[in-house]
Amino acid sequence: MGLGGGLGRRFVVVAYDGAQILDVACPCGALEVANSHGASPPYVVELATVSGAGARSSSGIVVGGARRLASLTGAIDTLLVVGGAGTRAAATDQQLLGQVRRLAQRSRRIASVCTGTFVLAAAGLLDDRRVTTHWGYGASLAAEFPSVTVDPAPLYIRDGNVYTSAGVTSALDLTLALIEDDHGPTLAREVARELVTYLHRPADQAQISTFLAAPPPSNRLVRDLLAHITANLAGDLSPPALAARARVTTRHLNRLFATHLGTTPARAVRVARTEAAAHLVRASELSLAAVARRCGFRSATTLRQAFLDHYGVSGDKIRKMADMPRPLEPENAKTPLA
């Protein structure tokens with residue numbers, strides 16, 4: 001991890017004991033790859049703590065090479081506060097909060113990962129802003145900081161020069177978005193490919209997908225079929241094929257999906273294919289016809305209709321939009337087969 005100095009985009013990561021190690025690793029790793037692919041100016045990453053000692057993560061692994069927050073001077077491009085089990089203590093550490101406030105004044109943009117939002121809020125940096133955090137902590141954040149508008153649904157939110165993101169791996173989505181802002185979509189996609197992350201997910205994608213919004217279905221057959229659907233979007237996912245895989249009748253398959261998911265097998269398949277196609281359209285330069293083939297649609301025309309049914313916009317508009325539109329409410333969405 002490079003230290004400050006030189007000609008580059010200075011990226012300061014604020015950590016503390018109990019930080020989630022992925023909150024540190026995802027941004028730092030993505031920026032390293034961006035540099036290796038020619039980011040110009042390159043990112044210069046600094047890890048900083050109150051004491052200047054390494055931070056013991058919640059997993060027990062110590063992240064070393066830190067600088068003392070109070071020793072940091074000069075302009076900062078991005079100030080990012082991580083989250084983790086130690087956030088509560090960090091959000092009441094007046095020395096840490098004072099340094100975050102001081103450094104924020106020197107920073108072009110400010111960001112947080114997961115519950116790091118609590119630290120920014122406690123430092124008074126989120127008043128009258130719309131923010132997000134891990135879906136499990138949104139209600140607590142809203143209750144503790146009523147001057148902050150909390151939306152726990154998106155993966156990340158930008159409000160002015162302040163970026164807040166959801167839990168853990170959404171740190172990678174946020175960092176890819178920052179790389180795209182700084183250097184354009186081509187470099188961001190190159191970074192995503194090297195990190196073997198399937199897609200650069202758009203900001204407004206829900207933290208919890210359609211079939212993960214509720215606890216996993218208690219029925220093992222339904223769980224296994226959902227996993228099969230998401231892993232085989234281009235395959236035969238017709239109700240008879242799914243019923244044969246589960247070794248049940250089509251009628252029993254319909255009852256299982258109605259009971260445990262509140263939908264039909266055909267609708268579940270269509271939603272999975274449509275959401276995967278939308279993400280692929282946003283993250284690649286593939287034609288709609290190619291995306292349709294990969295995601296199990298008969299044609300680009302069928303895919304366009306699926307986008308209209310699910311999101312209310314066309315595939316071309318999805319590709320051009322900075323944020324993914326939210327799905328239509330179920331009662332407004334049609335359910336034709338793919």
Are the side chains of Ile157 and Asp151 in touch, meaning some heavy atoms are under 4.5 Å apart?
->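 SC-SC contact between Ile157 and Asp151 confirmed.
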Can any side-chain N or O of Ser57 pair as donor or acceptor with the backbone N or O of Ile61 at less than 3.5 Å?
->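 Yes; at least one donor-acceptor contact below 3.5 Å.
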Let me know which of Asp236, Leu237, Val248 forms a side-chain contact (heavy atoms from CB on, under 4.5 Å) with Leu242.
->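 Only one of Asp236, Leu237, Val248 forms a side-chain contact (heavy atoms from CB on, under 4.5 Å) with Leu242, namely Leu237.
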Walk me through it: do Ile21 and Ser58 pass the test side-chain contact (heavy atoms from CB on, under 4.5 Å)?
-> CA-CA 7 Å; Ile21 194 167; Ser58 55; over 6 Å; no
From CA spacing to verdict: side-chain hydrogen bond (donor to acceptor under 3.5 Å, both in side chains), Ser147, Asp127 = CA-CA 5 Å; Ser147 60; Asp127 291 350; 2.9 Å; yes
N/O donor-acceptor pair under 3.5 Å between Asp17 side chain and Arg56 backbone |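 Yes: the side chain of Asp17 pairs with the backbone of Arg56.
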Does the Thr259 side chain pair with the main chain of Arg255, one donor and one acceptor, at a distance under 3.5 Å?
->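 A pair under 3.5 Å: yes.
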Non-hydrogen atoms of Tyr16 and Gly84 that approach each other most closely =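 In terms of heavy atoms, the two residues are closest at OH-N, 3.7 Å.
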Atom of Leu233, atom of Arg294 and distance for their closest heavy-atom approach =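 Heavy atoms only, the tightest pair is CB-O, 4.3 Å.
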Thr49 side chain vs Gly52 backbone, donor-acceptor pair below 3.5 Å |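 Between the backbone of Gly52 and the side chain of Thr49 there is a qualifying donor-acceptor contact (under 3.5 Å).
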Can you find a heavy atom in the side chain of Arg10 that is under 4.5 Å from one in the side chain of Leu72?
->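 In contact.
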Is there side-chain contact between Leu79 and Leu103, with at least one heavy-atom pair below 4.5 Å?
->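 In contact.
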Donor-acceptor contact below 3.5 Å, side chain Asn232 vs main chain Gly235 |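 No; judged by distance alone, with no hydrogens or angles, the pair does not exist.
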Quick one: does Thr133's side chain have a donor or acceptor within less than 3.5 Å of a partner on Tyr137's backbone?
->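 Flag not set: sc Thr133 to bb Tyr137 has no pair under 3.5 Å.
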Atom pair CD/CD of Glu194 and Glu32 - distance to nearest 0.5 Å |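 It is 8.5 Å, given to the nearest 0.5 Å.
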Nearest non-hydrogen partners of Leu172 and Ala30, listed with the distance |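 Answer, listing the atom of Leu172 first, then Ala30: CD1-CB, 3.9 Å.
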Pair Tyr43-His183, ring-ring contact (aromatic ring centres under 6.0 Å, His included): steps then yes or no | CA-CA 11 Å; Tyr43 293 99; His183 301 287; 5.4 Å; yes
Go through Leu176 and Val191 one step at a time and tell me if the side-chain contact (heavy atoms from CB on, under 4.5 Å) criterion holds.
-> CA-CA 8 Å; Leu176 287 171; Val191 173; 3.7 Å; yes
Would you mind reporting whether Asp309 and Arg270 have side-chain heavy atoms less than 4.5 Å apart?
->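 Yes, side chains in contact.
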Shortest non-hydrogen contact from Ile229 to Ala272?
->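 Smallest heavy-atom distance, with atoms named: CG2-CB, 3.9 Å.
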Give, for atom OG1 of Thr132 and atom CG of Asp159, the distance between the pair rounded to the nearest 0.5 Å.
->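 One finds 12.0 Å between OG1 of Thr132 and CG of Asp159.
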Do Thr149 and Val131 come within less than 4.5 Å of each other through their side chains, counting heavy atoms only?
->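 In short, these two side chains do not touch, never coming nearer than 4.5 Å.
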Would you give the length of the straight line joining atom CG of Asp173 to atom SG of Cys26, rounded to the nearest 0.5 angstrom?
->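 SG of Cys26 is found 9.0 Å from CG of Asp173.
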Would you say the side chain of Arg9 lies within less than 4.5 Å of the side chain of Thr78, judging by non-hydrogen atoms?
->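 No, side chains not in contact.
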Could you grab the distance from atom OG of Ser165 to atom CG of Leu80, nearest 0.5 Å is fine?
->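 Here the interatomic distance stands at 7.0 Å.
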Lys/Arg N to Asp/Glu carboxylate O, Glu144 vs Arg88, below 4.0 Å =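 Yes, Glu144 and Arg88 are salt-bridged.
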Flag the pair Thr249 / Asn254 as yes when at least one side-chain heavy-atom distance between them is below 4.5 Å, and no otherwise.
->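 SC-SC contact between Thr249 and Asn254 ruled out.
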Does the side chain of Phe297 come within less than 4.5 Å of Val291's, by heavy atoms?
->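 Of all side-chain heavy-atom pairs linking Phe297 with Val291, none is under 4.5 Å.
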Does Arg108 pair with Asp77 as a salt bridge, N-O distance under 4.0 Å?
->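 Asp77 and Arg108: salt-bridged.
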Would you check if the side chain of Arg109 reaches a backbone N or O of Ala111 as a donor-acceptor pair within less than 3.5 Å?
->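 Absent.
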Counting distance only, does the side-chain N/O of Arg158 pair as donor-acceptor with the main-chain N or O of Tyr163 below 3.5 Å?
->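 No, Arg158 side chain to Tyr163 backbone: no donor-acceptor pair under 3.5 Å.
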salt_bridge(Asp224, Arg245) N-O dist < 4.0 Å |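 Judged by the 4.0 Å cut-off on N to carboxylate O distance, Asp224 and Arg245 do not form a salt bridge.
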Mind listing the closest non-hydrogen atom pair of Val13 and Cys28 along with its distance?
->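 Of all heavy-atom pairs spanning Val13 and Cys28, the closest is CG2-SG, 4.1 Å.
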Report yes or no: do Thr117 and Thr164 form a side-chain donor-acceptor pair below 3.5 Å?
->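 Short answer, no.
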Please report the shortest heavy-atom distance between Val113 and Ala171, naming the atom on each side.
->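 Shortest heavy-atom contact: CG1-CB, 3.5 Å.
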Pair Thr87-Phe118, side-chain contact (heavy atoms from CB on, under 4.5 Å): steps then yes or no = CA-CA 7 Å; Thr87 300; Phe118 282 82; 3.8 Å; yes
Distance (rounded to the nearest 0.5 Å) between Arg129 CZ and Phe145 CZ =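 Output value for this atom pair is 15.5 Å.
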Starting from the C-alpha separation in whole Å, work towards a yes-or-no answer on side-chain contact (heavy atoms from CB on, under 4.5 Å) for Leu178 and Phe11.
-> CA-CA 11 Å; Leu178 297 179; Phe11 201 106; 4.0 Å; yes
Between CD on residue Glu190 and NE2 on residue His37, distance to nearest 0.5 Å |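 Here the interatomic distance stands at 6.0 Å.
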